[in-house]
Amino acid sequence: MKASVFIVDDHYMVIEGIRSLLQNEKGIEWMGHATNAASCLSFLKQQMPDVILMDVNLPDMSGIDLCKLVTKQYPSIYVLGLSTFNQQPIIRNMTGNGASGYVLKNATKEELLEAIATVMLGKTYLSHETSLLLREADNKMPPITRREKEVLQLVAEGFTNAEIAEKLFISIPTVNTHRKSLLEKFDAKNTAILIGKATKLGLI
């Protein structure tokens with residue numbers, strides 16, 4: 001069975017490079033390209049590819065937001081994040097918003113074909129480099145509770161202890177306890193360092 005493939009990227013050389021790698025492959029049907037989110041969405045109203053190779057950085061919308069939109073509206077489409085950046089928060093955001101995998105733009109033809117075949121089976125594909133990076137990050141991740149994660153998110157959004165207490169239906173002393181616990185777990189001297197470390201780990 002052929003996999004129909006569409007690419008969304010604002011760099012013509014990237015589009016041409018991937019097209020030349022894939023268009024003569026027996027198991028691939030090349031469906032074309034879009035250079036921004038708007039033209040991708042209008043294409044999807046007409047035709048439905050099996051797999052979209054989606055750049056993380058697009059001119060009119062981030063690939064992460066577009067991925068969320070596409071996978072919500074068209075759940076049968078598999079999205080593979082495409083990027084020059086091997087950054088853990090980006091990878092987590094992309095897969096967290098519905099992407100079935102993540103491929104770097106320096107991938108070989110074999111790797112691209114493997115990625116497409118893997119997601120077509122309903123599995124997740126992460127390049128070797130990317131999965132190593134995520135494993136390293138997981139090893140550095142302090143264990144935090146669900147409640148601590150909620151507090152951390154609200155702290156990062158700039159809410160005061162009183163506002164956090166109100167939002168989570170807990171007392172102000174409880175919020176203080178969670179904040180102290182987070183500072184200890186992340187080995188952070190203050191809130192700014194805490195937020196910086198949590199952001200690097202892709203928690204916020």
Kindly compute the distance separating NZ (K26) from CG (L113), expressed to the nearest 0.5 Å. 13.0 Å
Atom pairs and distances, donor-acceptor, side-chain atoms in residues 181-196, under 3.5 Å, two or more places apart:
| residue | atom | partner | partner atom | Å |
| --- | --- | --- | --- | --- |
| S181 | OG | E148 | OE2 | 2.7 |
| K185 | NZ | P143 | O | 3.0 |
| K185 | NZ | E148 | OE1 | 2.8 |
| K185 | NZ | E148 | OE2 | 3.4 |
| N190 | OD1 | A192 | N | 3.2 |
| N190 | OD1 | I193 | N | 2.9 |
| T191 | OG1 | R179 | NH2 | 3.2 |

Below 4.5 Å, heavy atoms only, C-beta onward: do V79 and V70 meet side chain to side chain? yes
To the nearest 0.5 Å, atom CD1 of I7 lies from atom CG of L53 at 5.5 Å
Over all heavy atoms of both residues, which pair between C40 and I52 is shortest? Give the atoms and the distance, please. SG-CD1, 4.5 Å
Would you list the pairs meeting side chain to side chain donor-acceptor pair (under 3.5 Å) in which at least one residue belongs to residues 66-80, sequence neighbours left out? none
Do you see a donor-acceptor pair shorter than 3.5 Å between the side chains of N176 and N161? yes
I need the N93 CG to Y102 OH distance, nearest 0.5 Å. 10.0 Å
Decide yes or no on side-chain contact (heavy atoms from CB on, under 4.5 Å) for N106 and T84, but give the supporting numbers first. CA-CA 7 Å; N106 63 3; T84 43; over 6 Å; no
Kindly give the heavy-atom pair with the smallest separation between M94 and V56, and that separation in Å. SD-CG2, 4.1 Å
Counterpart residues, side chain to side chain contact (heavy atoms under 4.5 Å, CB included), relative to Q153 (two or more places apart): E157, I204
Roughly how far apart are D10 CG and S39 OG, rounded to 0.5 Å? 10.5 Å
Return the set of residues passing side chain to side chain contact (heavy atoms under 4.5 Å, CB included) with R147 (not counting sequence neighbours), or none when no residue passes. T145, E150, L168, I170, H178
Between I18 and L112, does the side-chain contact (heavy atoms from CB on, under 4.5 Å) criterion hold? Intermediate values first, please. CA-CA 9 Å; I18 291 177; L112 261 178; 4.1 Å; yes
To the closest 0.5 Å, what do you measure between CD1 (I15) and OG1 (T35)? 6.5 Å
When rounded to the nearest 0.5 Å, the distance separating CH2 of W30 from CD1 of I28 is 9.5 Å
Pairs under 3.5 angstrom only: tabulate donor-acceptor contacts from the side chains of residues 58-66 to other protein residues two or more places apart or in another chain.
| residue | atom | partner | partner atom | Å |
| --- | --- | --- | --- | --- |
| D60 | OD1 | A37 | N | 2.9 |
| D60 | OD2 | A37 | N | 3.2 |
| D60 | OD2 | A38 | N | 3.0 |
| S62 | OG | I64 | N | 3.3 |
| S62 | OG | D65 | N | 3.1 |

Taking side-chain hydrogen bond (donor to acceptor under 3.5 Å, both in side chains) as the test, write out the residues that go with E29, two or more places apart. none
Contacts of T177 that satisfy side-chain hydrogen bond (donor to acceptor under 3.5 Å, both in side chains) - sequence neighbours left out: none
What one should report as the nearest heavy-atom pair of V8 and N36 is CG1-O, 3.9 Å
Kindly write out the residues that satisfy ring pair (Phe, Tyr, Trp, His ring centres under 6.0 Å) with F159, not counting sequence neighbours, or none if the list is empty. none
E163: which residues meet the side-chain hydrogen bond (donor to acceptor under 3.5 Å, both in side chains) condition with it, sequence neighbours left out? T160
Considering all heavy atoms, the nearest L80-A115 contact: CD1-CB, 3.8 Å
Taking side-chain hydrogen bond (donor to acceptor under 3.5 Å, both in side chains) as the test, write out the residues that go with K109, two or more places apart. E25
Side chains of L154 and V175: does their closest heavy-atom pair fall under 4.5 Å? no
Search all heavy atoms of C67 against all heavy atoms of G98 and return the closest pair with its distance. SG-C, 3.9 Å
Tell me the side chain to side chain donor-acceptor pair (under 3.5 Å) pairs involving residues 40-54, sequence neighbours left out? S4-D50
Determine the minimum heavy-atom distance between G32 and F6, stating which atoms define it. O-CD1, 3.2 Å
Please enumerate all residues that pass side chain to side chain contact (heavy atoms under 4.5 Å, CB included) together with T118, with sequence neighbours excluded. E114, K123, Y125
Are any non-hydrogen side-chain atoms of L104 and E111 less than 4.5 angstrom apart? no
Step-by-step side-chain contact (heavy atoms from CB on, under 4.5 Å) determination, I172 to I164: CA-CA 8 Å; I172 294 172; I164 294 170; over 6 Å; no
Are I77 and V51 packed together at the side-chain level, in the sense that at least one heavy-atom pair is separated by less than 4.5 angstrom? no
